[in-house]
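What follows is a set of notes on a single structure, which appears directly below.
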Amino acid sequence: MVGVLSNRISREKLKRGDHIYSWRKKAAYLIAHHGIYVGDGEVIHFTMGDRGDFRSSSSDSSGPGSVESCTIDRFLSGGKLYIFTYGVSEAHFLSKRGGTCSLAASDPPVDVLHRAKSLLNNGFSGYDLFKSNCEDFAIYCKTGLLGDGSVQASAFVCGIFGAIFIPLIPFVGVPIFCAARLGSDISFNEHATKVPVESLASESCTEIVNED
């Protein structure tokens with residue numbers, strides 16, 4: 001079963017609206033790139049705009065980085081394909097590596113695709129590894145939730161903390177790690193709210209007008 005032992009998935013089993021990711025070799029497999037599969041071998045994702053890795057079909061953005069569409073081969077960039085799972089239990093969430101699943105429930109595929117395609121045309125926000133990155137984009141497309149700070153950055157910090165302190169002081173490190181790990185999920189973000197994609201498009205258009 002996908003998600004229990006491994007989140008690996010074959011291309012044939014992908015469905016439109018799936019949140020997919022691939023661990024990046026150039027980042028020592030510590031960071032994954034995330035996107036939304038939209039069908040016909042295409043992925044919509046939020047990127048810093050490294051044209052060496054990705055082919056852009058749209059780069060309409062109000063800041064650094066852009067929302068782009070590319071083939072799944074370009075998206076994977078030689079890496080393996082994984083699927084991000086939603087609505088998992090707390091026990092499952094704590095047993096998995098950060099950036100692989102969420103406690104939050106996913107919205108129907110039609111809503112996911114609508115958000116992804118709307119952001120492709122109108123842009124997301126300025127790319128920031130610690131505030132707004134590819135995983136935050138994909139989670140927003142799946143849930144409609146936006147919070148303060150980055151889910152990916154929080155999970156990365158939790159992983160570093162766990163690797164250092166749990167072996168040294170397990171009785172202290174484990175409870176702190178669990179609390180921090182749960183707190184990194186979008187569903188535990190007290191500032192997370194459901195934001196209509198149309199309002200993000202309006203904000204993007206307003207910023208462009210103001211710049212002119």
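A quick note: this is a predicted structure, and the numbers were derived from the prediction, not measured. For this chain, numbers begin at 1 and follow the sequence in order.
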message: Could you check whether any side-chain heavy atom of Y82 comes within less than 4.5 Å of a side-chain heavy atom of I20, counting everything from C-beta outward?
response: no
- prompt: Within a strict 4.5 Å, meaning less than it, do heavy atoms of the F137 and S132 side chains meet?
  reply: no
- prompt: With a 4.5 Å limit on heavy-atom distance, are the side chains of I72 and L14 in contact?
  reply: yes
field: Heavy-atom side-chain proximity of S118 to E198 below 4.5 angstrom
entry: no
task: Applying side chain to side chain contact (heavy atoms under 4.5 Å, CB included), run through F84 and E135 and close with a yes or a no.
output: CA-CA 10 Å; F84 193 102; E135 184 177 351; 3.6 Å; yes
query: With sequence neighbours excluded, what pairs up with F93 under the ring pair (Phe, Tyr, Trp, His ring centres under 6.0 Å) test?
result: none
- request: Sequence neighbours left out, what passes side chain to side chain donor-acceptor pair (under 3.5 Å) with D107? Give chain and number order.
  value: R115, K194
- line: Between I36 and K142 the two heavy atoms that sit nearest each other are CD1-CG, 4.0 Å
- prompt: Can you name the residues that form a side-chain contact (heavy atoms from CB on, under 4.5 Å) with R16, not counting sequence neighbours?
  reply: L113, K117
message: Looking at every heavy atom in both Y140 and V195, which two are closest together, and how far apart are they?
response: OH-O, 2.6 Å
query: What residues, two or more places apart in sequence or in another chain, satisfy ring pair (Phe, Tyr, Trp, His ring centres under 6.0 Å) together with Y37?
result: none
- line: side-chain contact (heavy atoms from CB on, under 4.5 Å) filter on T100, not counting sequence neighbours, yields N7, Y21, W23, K96, R97
query: What do the steps show when you test S66 against T47 for side chain to side chain contact (heavy atoms under 4.5 Å, CB included), and what is the final call?
result: CA-CA 6 Å; S66 59; T47 173; 4.2 Å; yes
field: Worked check of side-chain hydrogen bond (donor to acceptor under 3.5 Å, both in side chains) between S187 and D185
entry: CA-CA 5 Å; S187 64; D185 190 68; 2.5 Å; yes
- prompt: Between the side chain of N189 and the main-chain N/O of H191, is any donor-acceptor distance below 3.5 Å?
  reply: yes
query: Taking side chain as C-beta onward, heavy atoms only, is S102 less than 4.5 Å from I186?
result: yes
query: Can any side-chain N or O of D136 pair as donor or acceptor with the backbone N or O of N133 at less than 3.5 Å?
result: yes
- request: Output, in order, the C-alpha distance, side-chain angles, deciding distance and verdict of side chain to side chain contact (heavy atoms under 4.5 Å, CB included) for H19 and C141.
  value: CA-CA 9 Å; H19 173 173; C141 289; over 6 Å; no
- prompt: Who passes side-chain contact (heavy atoms from CB on, under 4.5 Å) against T143, sequence neighbours left out?
  reply: Y86, A104, I139, L145
- prompt: Side chain of S22, backbone of L81: donor and acceptor closer than 3.5 Å?
  reply: no
- prompt: Hey, do the aromatic rings of H33 and H45 have their centres closer than 6.0 Å?
  reply: yes
field: R24 side chain vs L76 backbone, donor-acceptor pair below 3.5 Å
entry: yes
- request: Taking all heavy atoms of H114 and all of V197, pick out the closest pair and write down the distance.
  value: NE2-CG1, 3.6 Å
message: Tell me if a side-chain donor or acceptor on S77 pairs with a main-chain N or O of R74 at a distance below 3.5 Å.
response: no
